[in-house]
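What follows is a set of notes on a single structure, which appears directly below.
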Amino acid sequence: MDCLFCKIINKEAPVDIVYDDDKFLAFNDINPKAPIHILIVPKKHISSVDHLEIGDKELMGELILIAQKIAREKKLKGYKLIINVGREGGQIIDHLHLHLLAGKPK
Ligand code: AMP
Ligand code: ZN
C-alpha cells in the first residue's frame, strides 16, 4: 500500500514528531495553516472517517484525548480540531488524521 502517513509511521519518511505512542503519532504539518498545526494520526491505517467501523469507536475517542493532551502540554488556551473527509471535504492524504490548529491562522 502506498500511503505517505503509513511510511511516516514506519519511519520511512522524516517528520518533526510531537507525540508518539503505540497507537498514535503526532507531527508538525509540513505546510502549516496556523502558527501551531499538528497532525495526529492513528497508526492503524483507516482511509477516512467514512471508512470507520464500530470497532474503531474507542480509537476515535483516544484520538481526541491525544489532541487534548498535546494542547495541555503546549498550554494552548484554545484550538481547532479538524478532520477532512473525502476529496470534496478537502482530504488529500487517505489515512485518517486530526488537524490541531492554534494561534492566528495565516
Ligand atoms: P488533509 O488535506 O486533511 O488530507 O491534510 C493533509 C495534510 O498533510 C496537509 O495539511 C499537508 O500539509 C500535510 N502533509 C502532507 N505531506 C506531509 C509531510 N510529509 N509531513 C507533514 N505533513 C504533511
Ligand atoms: Zn496509511
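Atoms within a ligand are numbered from 1 in the order they appear, just like the ligands themselves.
Where the criterion is an N or O separation shorter than 3.5 Å, residue side chain and backbone included, H99 meets it with respect to ligand 1. Considering backbone and side-chain atoms alike, I8 places every N or O at 3.5 Å or more from each N or O of ligand 1. For ligand 1, one of its N or O atoms has an N or O atom of I93 under 3.5 Å away. For ligand 1, the polar-atom distance check finds an N/O of D29 within less than 3.5 Å of one of the ligand's N/O atoms.
The structure places NZ of K74 at 9.5 Å from CG of L100, a figure rounded to the nearest 0.5 Å. Rounding to the nearest 0.5 Å places NZ of K23 at 6.5 Å from CG of L59. Within the model, atoms CG of L65 and CD1 of I70 stand 11.5 Å from one another, a figure rounded to the nearest 0.5 Å. Atom SG of residue C3 and atom CD1 of residue I8 lie 8.5 Å apart, to the nearest 0.5 angstrom. Taking CG of D94 as the reference point, atom NE2 of H51 lies at 7.5 Å (rounded to 0.5 Å).
Side-chain atoms of N10 do not come within 3.5 Å of backbone N or O of K7 as any donor-acceptor pair. The main-chain N or O of P35 is never found under 3.5 Å from a side-chain atom of H37 such that the two would form a donor-acceptor pair. Not a single donor-acceptor pair under 3.5 Å links the side chain of E62 to the backbone N or O of F24. In this structure, Q91 contributes its side chain and I93 its backbone to a donor-acceptor pair below 3.5 Å.
When non-hydrogen atoms are compared, ligand 1 lies under 4.0 Å from the backbone of I92 as well as from its side chain. Contact annotation for L39 and ligand 1: only side-chain heavy atoms (C-beta onward) come within less than 4.0 Å of the ligand.
Of all the atoms in ligand 1, the ones that sit under 4.0 Å from a non-hydrogen atom of K33 are 10 (O). Within ligand 1, the atoms closer than 4.0 Å to a non-hydrogen atom of V15 are 20 (N), numbered from 1 in the order shown. Taking every non-hydrogen atom of N31 and a distance limit under 4.0 Å, the qualifying atoms of ligand 1 come out as 12 (O). Remark: ligand 1 atoms within the under-4.0 Å shell around heavy atoms of N84 are 1 (P), 2 (O), 3 (O). Per-residue contacts place F5 under 4.0 angstrom from the following atoms of ligand 1 (heavy atoms of the residue considered): 8 (O).
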Intermediate values then yes/no, side chain to side chain contact (heavy atoms under 4.5 Å, CB included), D29 and H99: CA-CA 9 Å; D29 195 293; H99 295 255; 4.2 Å; yes
Please test L39 against F5 for side chain to side chain contact (heavy atoms under 4.5 Å, CB included), starting from the C-alpha separation and ending with a verdict. CA-CA 10 Å; L39 301 176; F5 285 1; 3.7 Å; yes
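Nearest protein neighbour of atom 16 (N) of ligand 1, counting heavy atoms only, is L4 CD2, 3.4 Å. Protein heavy atom closest to atom 1 (P) of ligand 1, with residue, atom name and distance, is H97 NE2, 3.1 Å. Scanning the protein for heavy atoms near atom 21 (C) of ligand 1, the closest one is I30 N, 3.3 Å. The protein non-hydrogen atom at the shortest distance from atom 2 (O) of ligand 1 is G90 O, 2.8 Å.
In this structure, N28 counts as a contact residue of ligand 1, since one of its heavy atoms falls inside 4.0 Å of the ligand.
Linking ILVMFWY residues whenever their side-chain heavy atoms come closer than 4.5 Å, directly or via other members, leaves I66 and L101 in distinct clusters.
Remark: D21 does not engage K43 in a salt bridge, criterion side-chain N to carboxylate O under 4.0 Å.
Applying the side chain to side chain donor-acceptor pair (under 3.5 Å) criterion to K11, with sequence neighbours excluded, gives D20.
Looking only at protein N/O/S atoms, the ones less than 2.8 Å from the Zn ion (ligand 2) make 4 in total.
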